[in-house]
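Only one structure is covered here, and it is reproduced in the block below.
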Amino acid sequence: MTEQERIYQLRRELHEHNHRYYVDNQPIISDQEFDFLMHELQDLEARHPELYDATSPTQRVGSDLNQEFRQVAHQYPMLSLANTYNEQDVADWYESVKRGLEGQDFEVCCEMKYDGLSISLIYEDGRLVQAITRGDGVHGDDVTANVRTIRTIPLVLSGQGYPRRFEIRGEILLPWKEFERINREREEAGEPLFANPRNAASGTLKSQNSRVVAERKLDAYLYYLLGDDIPAGGHFENLAAAASWGFQISKGMKKVHTLDEIYSFIKYWGAERKNLPVATDGIVLKVNSLQQQRHLGSTAKSPRWAIAYKYPAERALTRLEEVTYQVGRTGAITPVANMQPVQLAGTTVRRATLNNEDFIKAFSLHEHDWVYVEKGGEIIPKIVGVETSRREPSARPVEFIKTCPECGAALARYADEAAWYCPNTTHCPPQIKGRIEHFIARKAMNIDSLGPETVDDFYRQHLISNVADLYTITVSQINGDGSREKSARKIVNSIQASKQVPFERVVFALGIRFVGETSAKILARKFQNIDALMAASEEELTACDGVGDVMAKSVRDYFDNPDNQTIIARLRSYGLQMQLSDESRAASSDMLQGMNIVISGVFARHSRDEYKDLIERNGGKNVSSISKKTTFVLAGENMGPAKLEKAQSLGVEILSEDEFLSRFPIEESAAQSSTPAPAQPQELSLF
């Protein structure tokens, strides 16, 4: 067998093993054997670059090259489904279908409603050629490179009978197990947690780095087939055919004939869906016959032949045992309800957030109240009501604490703030550890070898009591009995490497209250070095676009604190970047000062994120939505139709890429050091 023949053979075998493992859940070889075959294929493909194939199993790992998502038009609009939350609405829909079909018999296909991100997959000659997000229903983003990394989406079809060209739609999801794993990792890295698997899947799929997508192990369920030559006249039958081609279709799909059968399906999955590996939030009902679907047609927003029944958020009644209080990085005090354990959404719930003092007062919460708790897609359950009929006559109202539960300092509440704060910023343990965790986070100093548990361990060992202490840690201090030298050296090297992080991120890493990533950039570029920033008055600070009185006072308070002055002096002595680089200073100006700019579309000269960075460096402000306050829209190819319409209706000027660069001769090197912005969730739709 030649090496070329072996490549083709390995590709066929690995596609089959992928399907058996990820879709059928019936692997016939071990993980080690699979990895051996994959490595063999990778080696052979490296020797034969002329045989490159975008659908090879080796492409599942993704790439760490940044990519731009171009907008493309959907051949068939991706409509949203009408939602209902009760059986009467389901009955009304069923009767409307009867009337629309003028007495014809009809079947209804019942299937799960998955809670993820809608996707449209296009296949030609049995190979995946394009993957498009829903977008606005008319245009979506081409995310093909990212979708290729999802193991349950076949790159090459198996079986036979599939059309030469067709489209199949479905939902991209993050399994519960992976969601929990990712959130644990984000917590250890000091990064904000994803609220639910849908947001995590959405953000992941829109990542600029397909290797990140591969690592997060997204899943996919497909549920609608479109094309000119699809095999059957029934929706259920088409999905059965799609399953034979290698697609993972909706679990538990069933074809029924009566309203009572629909109710039984809804009731069954109301409980059973909690055992599924992915998030679901309802049931989808579709008229099965494609001919009848065409006859019923659609409204401007949704098809008449389908409807979604959404399960209400699960609620439980349990007894409040006590309210405790947590201290965050900024000193914010968060009350937490500790309750008698209760089963909710598949997990045992013992605690729920109470947000702040105003939240407690709004419910008139009393000690040992019986409370209603909900847990929909959110991580932390929340109290949504109180059963006052079961309140004990002697129960006293819950009184918010007056002193910090960790250090005993008297709490303070700032104007226009709902939270109470511990003002003891430099000696309150949770604040100290929280600031260190913030300091090492990816978007700050990016000391990726440390996490919350390690920070807590070092703090308890008295190795660190502030962020400056990190730079005094030695390998010998943290390698234990010598068995952890490799990891200890990695930590120390990562800390030392952070000295090259640019000044803008150093300002953000300091953890000044109310100073976020964007405002840190504004302050760094306005004052250009730490000395000027430390010396700035509140009036000078508020003169910066986007810096208000509250933030200015917080910045001033931070730098007036002698402990913080000492920390900054130490950080300077250890070699951290305390001024803008020459390149950054040369690339900055006030040319766009006071301008609110919206970016839309795909660009040829620079990426969207590079333009955002360029705008910020030259005094402008990036805004996401168009309003009367928008100065102009920087529009690339395929500008979103909704934004175009709104800009035209408000008379907002639209500049092309060339017009923008011609009108504002900004040093283009300013656009070279940007970092990708977090992806925003797409609107959810099943079609």
Side-chain angles (χ1 to χ4, degrees), residues 83-89 115 176 179-180 183 187 193-198 263 266-276 279-283 309-328 332-406 411 413 417-422 430:
N83 289 329
T84 180
Y85 296 87
N86 59 71
E87 292 186 353
Q88 182 57 53
D89 286 345
D115 194 13
W176 286 112
F179 170 69
E180 291 165 359
N183 264 349
E187 185 175 19
L193 305 186
F194 285 119
N196 50 54
R198 172 171 40 82
Y263 291 155
I266 290 172
K267 182 178 179 180
Y268 173 80
W269 282 106
E272 190 61 27
R273 69 191 181 95
K274 298 168 189 174
N275 298 320
L276 294 175
T280 61
D281 61 355
I283 297 297
Y309 172 87
K310 298 191 74 171
Y311 292 109
E314 190 173 347
R315 176 180 291 196
L317 183 65
T318 187
R319 190 169 185 264
L320 174 68
E321 293 184 333
E322 66 171 335
V323 176
T324 55
Y325 298 85
Q326 295 178 339
V327 185
I333 309 296
T334 302
V336 177
N338 295 268
M339 306 167 296
Q340 289 181 351
V342 62
Q343 283 293 118
L344 191 62
T347 59
T348 300
V349 173
R350 293 179 174 85
R351 305 167 80 238
T353 180
L354 291 171
N355 296 331
N356 51 52
E357 183 183 28
D358 293 344
F359 185 91
I360 292 173
K361 288 181 176 178
F363 283 104
S364 185
L365 194 64
H366 282 55
E367 295 173 350
H368 307 303
D369 265 348
W370 285 83
V371 294
Y372 290 102
V373 188
E374 281 188 3
K375 183 185 178 186
E378 301 304 312
I379 303 167
I380 303 175
K382 57 185 178 181
I383 288 177
V384 295
V386 176
E387 184 53 66
T388 55
S389 66
R390 300 184 67 172
R391 178 175 291 162
E392 298 172 1
S394 60
R396 295 177 300 177
V398 172
E399 295 288 342
F400 204 90
I401 57 174
K402 302 300 181 186
T403 59
C404 175
E406 297 285 343
L411 302 183
R413 189 168 182 177
E417 282 284 309
W420 284 88
Y421 289 86
C422 170

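All heavy atoms count here, side chains included; hydrogens, waters and symmetry mates do not.
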Apply side-chain hydrogen bond (donor to acceptor under 3.5 Å, both in side chains) to residues T324 and N338 and explain how you reach the verdict. CA-CA 7 Å; T324 55; N338 295 268; 2.8 Å; yes

Going through the checks in order, is the side-chain contact (heavy atoms from CB on, under 4.5 Å) test met by V373 and K382? CA-CA 6 Å; V373 188; K382 57 185 178 181; over 6 Å; no

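Atom CG of L354 and atom CD of Q326 lie 10.5 Å apart (nearest 0.5 Å). Between the CD1 atom in I383 and the CG atom in L320 there is a gap of 6.0 Å [rounded to 0.5 Å]. Atom CZ in R350 sits 10.5 Å away from atom OG1 in T318 (nearest 0.5 Å). To the nearest 0.5 Å, atoms NE2 (H368) and CZ (R396) are separated by 8.5 Å. Between the CD1 atom in I333 and the CH2 atom in W420 there is a gap of 10.5 Å [rounded to 0.5 Å].
Electrostatic pairing of R319 and E392 counts as a salt bridge here, judged by a charged N lying under 4.0 Å from a carboxylate O.
V386 is listed as a side-chain neighbour of L365, based on a closest heavy-atom distance under 4.5 Å. Contact check for Q340 versus E321: side-chain heavy atoms found under the 4.5 Å cut-off. Looking at T280 and D115, their side chains never come closer than 4.5 Å, going by heavy atoms from C-beta outward. Between V327 and P405, the closest side-chain pair of non-hydrogen atoms falls below 4.5 Å. In this structure, the side chains of I283 and K310 stay at 4.5 Å or more apart for every pair of heavy atoms.
Nearest heavy-atom pair, V398 versus H366, reported as atom, atom and distance to 0.1 Å: CG2-C, 3.8 Å. Taking all atoms of both residues into account, the shortest heavy-atom contact from F400 to N356 is CE1-C, 4.2 Å. Closest approach of R391 to S364, counting heavy atoms only: NH2-O, 3.0 Å. In terms of heavy-atom proximity, E387 sits nearest to Y372 at OE1-OH, 2.6 Å. Among all heavy-atom pairs drawn from N86 and D89, the shortest one is OD1-N, 2.8 Å. Here the closest non-hydrogen pair linking I401 and Y325 is CG2-CE1, 3.4 Å.
Within the 3.5 Å criterion, the main-chain N or O of N355 finds a donor-acceptor partner in the side chain of T353.
Annotation: cation-pi pair K274/W269 absent, no NZ/CZ under 6.0 Å from the ring centroid and within 45° of its normal.
Take Y263 and apply the ring pair (Phe, Tyr, Trp, His ring centres under 6.0 Å) test, not counting sequence neighbours, and it matches no residue. Residues passing the salt bridge (Lys or Arg N to Asp or Glu O under 4.0 Å) test with R413, sequence neighbours excluded: E357, D358.
Side-chain rings of Y311 and Y85 stay apart, their centers remaining 6.0 Å or farther from each other.
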